[in-house]
Enquirer: 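Once you've had a glance at the structure underneath, I'll fire off some questions.
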Amino acid sequence: MRDSILRALQEQGRVSGEQLGQRFHISRTAVWKHINELRRTGYEIDSSPRTGYSFVKSPDLVIPAEIALGLHTSIMGRRILYREEVASTQDEAGEVARKGAEEGVVVISERQTKGRGRKGRLWASPPREGVYFSAILRPNLRPTQIIQIPLIAGVAVCKAIRKVTPLEPRIKWPNDITVGGKKVAGILAEMSCDIDRVDHIVVGIGVNVNTQCSLLPEPTRGIATSLAERCGEYVSRVRLVQSLLAEFDALYTTFLVTGFATLREEWKALDSTVGSWVKVSDAEEEMKGKALDIDGEGFLLVRKENGDVKRIISGDVSLIGRDN
Ligand code: BTN
């Protein structure tokens, strides 16, 4: 009910308590209670006895009513589960996926107390500063194709940031999103599969939006930046989530129809890895080499110092320079 009243206020700008009551079949007192509840969560709503309520300003909470406004996606965010605080949206999304939630369900939170990154690292998630969500996908893929999903998500994150801010983020393989060489967003894909087929994938996206990175714990502090720090002004988290879901939806839908080939080109256009000298540590070794390309499946090809070309399936990559 509260969400419906909020949406009506946002759409109409100004509306009387009586009109809202009639529309939602509740008393004017009940309307007034919902309005006060919205005010308590940070919405600025004016009221006058003559003209009724008018919407002034939103606190930029990532609540479904805000995100759904103007969101035209076919899959992503068809249902959005909002939590003020969670340990990790990955866990919540995993749980609803195991109970059979459909593809496109998104779990989003204002804060994570145990946000996690790749390889069990911490993903610092201070309240109401960043964007933290996990989307459930159920593509008909072989487990080896899974890497393509976070690669596509990386393209979506870059495109969304480019739409909502003047920044020009780039991707470091497999899916670190960087601005000026510092990390601004990351993607974590966790899958549940049978021996040869994927049951579901939970794709978690974390973006440092208005995050004060100097207050983040080490080692994150040294390597992270935020959109607001880079562009010098507050960035709307709601707009970013809307844009992220829309971009991810479009890319994922294309992927389901055409496969990875066309998206590989999009990924390469935003990538900062190929052509760089890199330090790679994977399950087998730590080595230096030159990143040559990503192959048709999305794996990174690196020419090692001894001339051998290695296909990196999973690992940490740092950029250590480029040829002039
Ligand atoms: C990485 O770069 O290491 C991946 C970071 C992924 C962070 C997001 S925030 C939303 C979702 N919930 C988590 O606990 N992690 C992902």
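Each residue takes its place number in the sequence, starting with 1.
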Enquirer: Salt bridge check, Asp293 against Lys268: does any charged N sit closer than 4.0 Å to a carboxylate O?
Expert: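 Yes.
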Enquirer: Could you list the residues that satisfy salt bridge (charged side-chain N to carboxylate O under 4.0 Å, His left out) with Arg138, not counting sequence neighbours?
Expert: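 Once residues adjacent in sequence are excluded, the partners of Arg138 under the salt bridge (charged side-chain N to carboxylate O under 4.0 Å, His left out) criterion are Asp199.
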Enquirer: Who passes salt bridge (charged side-chain N to carboxylate O under 4.0 Å, His left out) against Arg78, sequence neighbours left out?
Expert: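 None.
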Enquirer: Do Ser48 and Thr51 pair up side chain to side chain, a donor and an acceptor below 3.5 Å, judged on atom types alone?
Expert: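 Result is yes, a qualifying pair exists.
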Enquirer: Indicate yes or no: does Asp176 engage Arg170 in a salt bridge with an N to O separation below 4.0 Å.
Expert: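 Looking at Arg170 together with Asp176, the answer is no, because their closest N to O distance does not fall below 4.0 Å.
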Enquirer: Linking Ile, Leu, Val, Met, Phe, Trp and Tyr through side-chain heavy atoms less than 4.5 Å apart, which residues share a cluster with Ile320?
Expert: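 Members other than Ile320 - counting any ILVMFWY side chain reachable under 4.5 Å - are Trp277.
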Enquirer: Quick test of your reading of the model: are Arg83 and Glu92 salt-bridged, counting only N-O distances below 4.0 Å?
Expert: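 Looking at Arg83 and Glu92, the cut-off is met.
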Enquirer: Backbone N or O of Arg239 within a donor-acceptor pair of the Ser243 side chain at under 3.5 Å?
Expert: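 No, because the side chain of Ser243 does not come within donor-acceptor range (under 3.5 Å) of the backbone of Arg239.
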Enquirer: Show me the donor-acceptor pairs, under 3.5 Å and distance only, between side chains in residues 143-156 and residues at least two apart or in other chains.
Expert:
| from | atom 1 | to | atom 2 | distance (Å) |
| --- | --- | --- | --- | --- |
| Gln145 | OE1 | Arg142 | N | 2.8 |
| Gln148 | NE2 | Glu297 | O | 3.1 |

Enquirer: For residues 122-135, which residue pairs pass the side chain to side chain donor-acceptor pair (under 3.5 Å) check, not counting sequence neighbours?
Expert: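 The answer is Thr89-Ser134, Gln90-Ser134, Gln112-Ser125.
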Enquirer: Linking Ile, Leu, Val, Met, Phe, Trp and Tyr through side-chain heavy atoms less than 4.5 Å apart, which residues share a cluster with Val202?
Expert: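 Hydrophobic cluster check, Val202: no partners found.
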Enquirer: For the pair Phe255 and Phe260, name the ring-plane relationship: parallel under 30°, tilted 30 to 60°, perpendicular over 60°.
Expert: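 Taking Phe260 first and then Phe255, their aromatic rings stand perpendicular (interplane angle over 60°).
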